[in-house]
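Computed from a prediction, not measured in an experiment: that's the story for all the values here.
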Amino acid sequence: MIDLLQNWQWKLCFLSFLGASMEESFKAALDPIDYRILRELDLDGRISDVALGERVHLSSTAVARRRKILEEQGLIAGYSAGIDLLQLGLGISVLVMIELASQAEHKLVEFEEAVTRCPSMSYCSFISGDIDFLMIIHVRSFADYDRVYRQELSNLPHVAKIRSSFVMRTVSQKQSPPVAFHR
């Protein structure tokens, strides 16, 4: 029984059996080494298992096994490169706040399907408050923003109001908040 509980998947099942909530079960299933692995991968997703093992004080085999488990369980959702958009000519980031004329389910779905096809958009979320959606778009210039506004934003369905704010300077940008890696 003790050997089975060494595996965090069994811990999750066991805690669920005892009536613990999924959030409590999930937190209990990760040990401090898992959190250190996640933190290091967040800093450098291309790190080798050998280097990762050195940073978290495990063998490369143990790190590879843990990484695979974290991937299979969805904690590691994927790997990506941090692209410098300025060097690609997309030096202006714009926060776009969109209010819809109606929040009827079919109108929300139509808007969401259309917004995913906007080539200038890198982020869009349905949010609470006075506005319905927050988008981040990237443009080359103010003239390019005018083009994006006319060709992409103004053609989105069911839009009542569009407000935009231009990012003047990025103060800090993190893939994940550091608190995510503390137990």
I'd like to know if [Y] and [X] are part of one continuous hydrophobic network [Ile/Leu/Val/Met/Phe/Trp/Tyr, side-chain heavy atoms within less than 4.5 Å].
{"X": "L75", "Y": "Y35", "value": "yes"}
{"X": "V56", "Y": "L70", "value": "yes"}
{"X": "I33", "Y": "V50", "value": "no"}
{"X": "L58", "Y": "L30", "value": "yes"}

Inset, instruction - Would you check if the side chain of D144 reaches a backbone N or O of R140 as a donor-acceptor pair within less than 3.5 Å? - result: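 A pair under 3.5 Å: yes.
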
Inset, instruction - Dump the intermediate steps for side-chain contact (heavy atoms from CB on, under 4.5 Å) on L41 and R67, then the final yes or no. - result: CA-CA 9 Å; L41 288 172; R67 183 195 305 232; 3.5 Å; yes

Under the rule for side-chain hydrogen bond (donor to acceptor under 3.5 Å, both in side chains), what residues qualify as partners of [X], not counting sequence neighbours?
{"X": "E71", "value": "Y79"}
{"X": "D44", "value": "none"}
{"X": "Y149", "value": "none"}
{"X": "R46", "value": "none"}

Legend entry - Reported CZ-to-CG distance for the pair R39 and D34, which is rounded to 0.5 angstrom: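 Going from the CZ atom of R39 to the CG atom of D34 covers 12.0 Å.
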
Min side-chain heavy-atom separation [X]-[Y] under 4.5 Å:
{"X": "I137", "Y": "I92", "value": "no"}
{"X": "M135", "Y": "L95", "value": "no"}
{"X": "I162", "Y": "S164", "value": "yes"}

Legend entry - Pairs flagged by side-chain hydrogen bond (donor to acceptor under 3.5 Å, both in side chains) wherever residues 50-62 is involved - sequence neighbours left out: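 As it turns out, the side-chain hydrogen bond (donor to acceptor under 3.5 Å, both in side chains) pairs with a partner in residues 50-62, which skip direct neighbours, are E40-R55.
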
Legend entry - Pairs where residues 153-163 contributes a residue and the test side-chain hydrogen bond (donor to acceptor under 3.5 Å, both in side chains) is met, not counting sequence neighbours: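 Passing the test, one end in residues 153-163: E110-H158.
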
Inset, instruction - Hydrophobic side-chain clustering at under 4.5 Å (ILVMFWY, transitive links): who's grouped with L43? Put none if nobody. - result: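 Under the 4.5 Å side-chain rule, L43 groups with nothing.
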
Legend entry - Residues clustered with L86, ILVMFWY side-chain links under 4.5 angstrom: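 Traced through the cluster, L86 reaches no other member.
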
Throw together a table of side-chain donor-acceptor distances under 3.5 angstrom for residues 168-178, partners on residues two or more places apart or in other chains.
unit_1 : atom_1 : unit_2 : atom_2 : d
S176   : OG     : D42    : OD1    : 3.1

Legend entry - Test side-chain contact (heavy atoms from CB on, under 4.5 Å) applied to D31 and R66, step by step: CA-CA 11 Å; D31 65 20; R66 283 179 178 251; 2.9 Å; yes

Let me have the donor-acceptor pairs involving side chains of residues 114-134, under 3.5 Å, with sequence neighbours excluded, atom names and distances please.
unit_1 : atom_1 : unit_2 : atom_2 : d
T116   : OG1    : E113   : O      : 2.7
R117   : NH1    : E113   : O      : 3.1
S120   : OG     : E152   : OE1    : 3.4
S120   : OG     : E152   : OE2    : 2.8
S122   : OG     : H138   : NE2    : 2.8
Y123   : OH     : S125   : OG     : 2.8
D132   : OD1    : Q103   : NE2    : 3.1
D132   : OD2    : L100   : N      : 2.7
D132   : OD2    : Q103   : NE2    : 2.9

Inset, instruction - For V94 and I136, run side-chain contact (heavy atoms from CB on, under 4.5 Å): C-alpha distance rounded to whole Å, both residues' side-chain angles, the deciding distance at 0.1 Å, then the answer. - result: CA-CA 6 Å; V94 187; I136 299 176; over 6 Å; no

Legend entry - Verdict with reasoning, V139 to L90, per side-chain contact (heavy atoms from CB on, under 4.5 Å): CA-CA 5 Å; V139 295; L90 297 169; 5.5 Å; no

Inset, instruction - Using the test salt bridge (charged side-chain N to carboxylate O under 4.0 Å, His left out), find all partners of K107 that sit at least two apart in sequence or belong to another chain. - result: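 Counting only residues at least two positions away or on another chain, K107 forms no salt bridge (charged side-chain N to carboxylate O under 4.0 Å, His left out).
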
